[in-house]
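First comes the structure, then the notes that go with it.
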Amino acid sequence: MLRFFLRKHNRIERAALVTLRLALVSDIPKIMSLQQQAESAAQWTAREYERMLNEKSGVVLVAEMGDKVCGFVAGAGIGAEWELENIVIESSARRKGTGRRLVQSFLDHAKHEGGTRVFLQVREDNSAARGLYECAEFRVNGRRPGYYGSTDAVLYVCDLT
Ligand SMILES: CC(C)(COP(=O)(O)OP(=O)(O)OC[C@H]1O[C@@H](n2cnc3c(N)ncnc32)[C@H](O)[C@@H]1OP(=O)(O)O)[C@@H](O)C(=O)NCCC(=O)NCCS
């Protein structure tokens, strides 16, 4: 019991050291580097991130530990329907609750902008991402067989109540 408490407490302490903010154009090189280190992430160009930062429908949030960006989430939407399109946490910073905080902030942003549902799709075999989405209350909403070659895409939705 005590061990469980200490583990949980340590995780909260570590998560508290991480701050979230809207991404700036100057964060794009680091975002690209995080993305390139994560094979399972969507691989976008710097120009696509730049466009996303400049369009009102897009949102990119970064997580910072000290002054170092250690993760990001990117998505877009207008009105009721939003899509969470990419998320990466630096491998040394994983499993400390940062992904969960970024997803929650993205959901809060979408809701604030009038969103009622957030969609996403993920490789069926990406158990880390699926675990993250399921703990953020996304539910399976469909499947695209063979979308990633021999692997299906699983579609998720989260109702923003
Ligand atoms: C998916 C990813 C963003 C998760 O980020 P993270 O900061 O490690 O996630 P969190 O620490 O917030 O984890 C929240 C919950 O997600 C689930 N989860 C996270 N990593 C997991 C793993 N490797 N296996 C199973 N469940 C996992 C757990 O339920 C976890 O809660 P717990 O730690 O209390 O058990 C990270 O693994 C990553 O960057 N992966 C590579 C990029 C990628 O695949 N992105 C998704 C593209 S669709």
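Numbering of ligands and ligand atoms starts at 1, following listing order.
Backbone and side-chain nitrogen or oxygen atoms of G97 are examined, and one is located within less than 3.5 angstrom of a nitrogen or oxygen of ligand 1. Checking only distances, I87 does come within under 3.5 Å of ligand 1, N or O to N or O. Considering backbone and side-chain atoms together, L132 places an N or O closer than 3.5 Å to an N or O of ligand 1. Note: an N/O pair closer than 3.5 Å links S40 and ligand 1 by distance alone. The shortest N/O to N/O separation between G99 and ligand 1 falls below 3.5 Å. Between I89 and ligand 1, a contact under 3.5 Å exists for at least one N or O pair.
By the criterion of a heavy-atom distance under 4.0 Å, the side chain of N126, and not its backbone, is placed next to ligand 1. Neither the backbone nor the side chain of F72 has any atom closer than 4.0 Å to an atom of ligand 1 (non-hydrogen atoms only). At a 4.0 Å heavy-atom cut-off, ligand 1 does not touch R123 at all.
Nearest to atom 33 (O) of ligand 1 by heavy atom, out of R101, E85, R95, is R95.
Ion pairing between a basic and an acidic side chain is recognised when a charged N comes within 4.0 Å of a carboxylate O; K68 and E90 show no such pairing. Comment: E134 does not engage R139 in a salt bridge, judged by the lack of any side-chain N to carboxylate O separation of less than 4.0 angstrom. Ion pairing between a basic and an acidic side chain is recognised when a charged N comes within 4.0 Å of a carboxylate O; K30 and E64 show no such pairing.
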Dump the intermediate steps for side chain to side chain donor-acceptor pair (under 3.5 Å) on D108 and Q104, then the final yes or no. CA-CA 6 Å; D108 291 346; Q104 190 53 55; 3.0 Å; yes
Decide yes or no on ring pair (Phe, Tyr, Trp, His ring centres under 6.0 Å) for Y49 and W44, but give the supporting numbers first. CA-CA 7 Å; Y49 282 110; W44 291 358; 5.0 Å; yes
Using the rule given for side chain to side chain donor-acceptor pair (under 3.5 Å), can you reason through E124 versus Y147, listing the C-alpha separation, both sets of side-chain angles and the distance that settles it, and then say yes or no? CA-CA 10 Å; E124 183 181 31; Y147 187 85; over 6 Å; no
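Of all the atoms in ligand 1, the ones that sit under 4.0 Å from a non-hydrogen atom of G131 are 16 (O), 17 (C), 29 (O). When each atom of ligand 1 is checked for a heavy atom of K96 under 4.0 Å away, the hits are 11 (O). Numbered from 1 in the order shown, with element, the atoms of ligand 1 that lie under 4.0 Å from a heavy atom of T98 read 7 (O), 12 (O).
By the ring-ring contact (aromatic ring centres under 6.0 Å, His included) test, F106 pairs with no residue at all, sequence neighbours left out. Residues forming a side chain to side chain donor-acceptor pair (under 3.5 Å) with D125 (at least two apart in sequence, or on another chain): R123.
With hydrogens and angles left out, the side-chain atoms of E48 and T45 include a donor and acceptor closer than 3.5 Å.
Y133 counts as a contact of ligand 1, since one of its heavy atoms falls under 4.0 Å from the ligand.
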